[in-house]
Number of protein chains: 2
Amino acid sequence: MKKGRVTIKDIARELKIAPSTVSRALNDHPAIKKETKDAVKALAEALDYQPNLLALNLLQKKSNTIGVIVPEITGHFFSAIITGIQDVIVNSEYNIMICLSNESYEEELTIVKRLSKIQIDGVLVAPSSETKNFDHFRRLQKSGIPVVVFDRDCPGLEADKVLVDDYFGAFQAVEYLIGTGCKNIAHLGGPLNLSTTEQRLQGYLDALEKNKVPINSDYIVHVPGFSHKDAVKATKKLLELQERPDAIFAYNDKIAISTMHVAKKMGLQIPDEISVIGFDDEPHSSFITPSLSTVWQPVYSMGMLSARILLSHLKNQNVILDFRKEVFKPELVIRASSKEN
Amino acid sequence: MKKGRVTIKDIARELKIAPSTVSRALNDHPAIKKETKDAVKALAEALDYQPNLLALNLLQKKSNTIGVIVPEITGHFFSAIITGIQDVIVNSEYNIMICLSNESYEEELTIVKRLSKIQIDGVLVAPSSETKNFDHFRRLQKSGIPVVVFDRDCPGLEADKVLVDDYFGAFQAVEYLIGTGCKNIAHLGGPLNLSTTEQRLQGYLDALEKNKVPINSDYIVHVPGFSHKDAVKATKKLLELQERPDAIFAYNDKIAISTMHVAKKMGLQIPDEISVIGFDDEPHSSFITPSLSTVWQPVYSMGMLSARILLSHLKNQNVILDFRKEVFKPELVIRASSKEN
DNA sequence: AAAGTCTATGCAAAGGTTTGCATAGTCACG
DNA sequence: CGTGACTATGCAAACCTTTGCATAGACTTT
């Protein structure tokens, strides 16, 4: 019989009224008589009418979709953030499109182009570790698309930002290590160029300095990527030093766990011979042996807040809101991989 | 000056030609003179023309988007599958919309309705653990939307399926435990109603039976949900039994890790007093102590294949392809949480 | 030179919905 | 009865692109 889905025109024809009347009836426009409304609604129901959002999108020049760009989702951190974002967005009229940059600037560029083509309404982004230039985000903003940056800062980009006080977290962790009597504290840093890497390094340095612990540049090694291999290699570099460190503050739990793995294989006692503290508090970090001391971040809340900020921009398209910069405080979680204070 | 983005009409006006000519020039239609094409392309470039996909969507009655429905992404399993899916889809013209059902049938229903409203072109789905009725998927199929089910089977639903031979994996794991001399092998099953739960249970049962090990119903406990608490509670039930099991085959690594945690707290030696085998081979499972024996699944490949199957349907809309059922073989990975053979 | 062929382009419709403006009809008031 | 106000509805444009058909002009063939 009828091919394709039921449209407003079908209802109009059936009821011998104009499509515009049907549209208004469906949207409860006050100028429509109650009887007409009822008739239209009844028929729409009967015919299982589904509004064609594609048409609406074209008309409104918006896709009712927001894009989320993250480097990866196989770790816990971004998965949890996304879950937070999702839980907020689900209760709005927006759809959500998750895109993975695989820590690649190129792919991030491609994604942004794509999102811009489909007329995305807003973007939430944690930039890739390769990204140094933020012009692609600026281009989005210029075409009226609000951009909210989370977790990893984009220095120089004016946008809403939801970050963690990485500096504070690192400072606390390192100061704790000093407090337990560690003298030779090393740092396994993250990929260079990441704001989080820099902040955590700075926290490490300042904690040492404040406590008058001399800084040894041999004790600072940056892990180039996020693979187990990278971490193992970097750890070995540290543990094979003439004067072996007695504590390692790692950029994140993943690295910390690899570090512990290597240390154990070398027969070192954790934490007696070497303390380890990570960052992120991944769920399994409390289950490894010894359980990992780490810095907890309110990941889920960060996701929710980022989404809420974006939504508030979308709701107030006309009003120009000031850019917000929200910084969450992380918390040091002491477990068994570090000595007692 | 000009508000909004550049359209094909703007280019046409500028060049004093018809919009249709511009369209054809941009799409390399053979009937357009080279000079015209060049002129159009040059101007399009200069004006930074971005085709409006929204208009195209309306015209083609499709959104060029495929939906992916998963229960959650905080674990490694679905994250890795999604990464595989993404890596395939990225190289097609399709966009990808990831939706989380949070293991809830209700939310899954809402998601399906939503996807159907936005005229999704195809769906990849791992149903929630609550889902027993698959009519919502059938409705999608009826409106011409191909559905590919992955990981968790939907019995009775005719669709493409990409699964793992859970039965085989479980059978192997349990037979291995028997081979190492374990006599009282318990099973911590997953949420009832999941095809994977059933298959793994059946593999467990058959392995016992084949090896003439009596089945003890006290040794089979199902974990209702995926939280740590649920797993701890279920484990305790097993370990407090009069005749304590000397091996536990768990539904997945997450549960297995919780189990080991409880066992260790009770002072049990793993694997001497109790062996543990999980399922999934999560990346951190090799880092816990003792490292976890488990069943590995080719997650990334599953994601890729699922996506490829869906794409092949979309490319051959007219042709009706037979439903495919692909079953991947898992592999037993023996580490330190089980005895040697 | 007429008829036919080919090339390059234009016209207009289609896709489904919303919305400003126009209009037909009703009613009330002077 | 004429005017004004109000109600309920219809018309048509707009959103942007693609595409079947039409056509104008140039060139070829008989």
Side-chain angles (χ1 to χ4, degrees), chain A residues 2-41 43-44 47-65 93 116-121 143-144 317, chain B residues 2-41 43-44 47-64 93 116-121 143-144:
Chain A
K2 50 179 174 270
K3 346 120 180 246
R5 50 168 67 202
V6 184
T7 77
I8 238 176
K9 288 184 187 172
D10 298 326
I11 300 181
R13 198 177 325 114
E14 193 91 1
L15 256 40
K16 298 203 204 318
I17 56 178
S20 50
T21 307
V22 176
S23 168
R24 279 188 265 248
L26 256 17
N27 294 318
D28 264 328
H29 191 289
I32 302 294
K33 227 186 343 190
K34 182 155 187 321
E35 308 157 41
T36 316
K37 275 186 197 174
D38 290 345
V40 168
K41 285 182 184 171
L43 187 59
L47 261 42
D48 188 32
Y49 165 73
Q50 297 272 23
N52 185 332
L53 295 189
L54 263 33
L56 200 53
N57 288 348
L58 175 58
L59 196 61
Q60 297 176 166
K61 293 180 166 199
K62 49 180 269 193
S63 59
N64 279 302
T65 302
E93 79 262 35
S116 143
K117 258 192 205 152
I118 62 166
Q119 238 94 315
I120 209 85
D121 294 338
S143 48
Q317 285 284 22
Chain B
K2 50 177 174 267
K3 347 117 181 247
R5 52 167 64 203
V6 183
T7 78
I8 238 175
K9 287 185 187 171
D10 297 327
I11 299 181
R13 198 176 325 113
E14 193 90 0
L15 256 39
K16 299 204 204 320
I17 56 178
S20 49
T21 307
V22 176
S23 168
R24 280 189 264 249
L26 255 17
N27 294 318
D28 263 329
H29 192 287
I32 302 294
K33 229 188 338 194
K34 182 154 186 322
E35 307 157 40
T36 316
K37 275 186 197 172
D38 290 345
V40 168
K41 285 181 185 171
L43 188 58
L47 262 42
D48 188 32
Y49 165 74
Q50 297 274 21
N52 184 333
L53 294 190
L54 264 32
L56 200 53
N57 288 348
L58 175 57
L59 200 58
Q60 297 176 170
K61 294 182 164 195
K62 49 179 269 193
S63 60
N64 279 303
E93 78 262 36
S116 143
K117 254 193 203 152
I118 63 164
Q119 241 89 317
I120 208 85
D121 294 336
S143 50

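Letters go in sequence order (proteins before strands), and every chain restarts at 1. Heavy-atom basis, side chains included; hydrogens, waters and symmetry copies ignored.
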| note | Rounding to 0.5 Å, atoms CG (A:N57) and OG (A:S63) come to a distance of 6.0 Å
| Is it the case that more than 12 heavy atoms not belonging to B:E35 sit under 6.0 Å from its CD atom? | no
| note | Expected string for nucleotides 7-17 of chain D under the B/S/- scheme (protein heavy atoms, under 4.0 Å, primed atoms plus P, OP1, OP2 as sugar-phosphate) is -BBBBB-BBBB
| field | Degree of bending in the helix from C:dA1-D:dT30 to C:dG30-D:dC1 once both end axes are built from five pairs, to 10° | value | 70°
| Atom-to-atom span, CG of B:D28 to P of C:dA8 - whole angstrom | 14 Å
| Rounded distance (Å) that lies between atom P of C:dT17 and atom CG of A:L26 | 9 Å
| task | Taking side chain to side chain contact (heavy atoms under 4.5 Å, CB included) as the test, write out the residues that go with B:Q60, two or more places apart. | result | B:L56, B:K62, B:N64
| message | Checking B:I118 now: which residues fulfil side chain to side chain contact (heavy atoms under 4.5 Å, CB included) with it, not counting sequence neighbours? | response | A:L53, A:N95, B:M97, B:L115, B:I120
| field | With sequence neighbours excluded, residues passing side chain to side chain contact (heavy atoms under 4.5 Å, CB included) with B:D28 | value | B:K37, B:K41
| Is a side-chain donor or acceptor of B:N27 paired with a backbone partner of B:R24 at a separation under 3.5 angstrom? | no
| message | I'd like to check the side chain to side chain contact (heavy atoms under 4.5 Å, CB included) partners of A:P51; sequence neighbours left out, ordered by chain and number. | response | A:Y49
| Interatomic distance, B:N57 CG vs D:dT18 P [rounded to whole Å] | 11 Å
| Gap between atoms NZ and P, on A:K62 and C:dT17 respectively (whole Å) | 17 Å
| said: Tell me every residue that passes salt bridge (Lys or Arg N to Asp or Glu O under 4.0 Å) with A:K34, counting only those two or more places apart in sequence or in another chain. | reply: A:D38
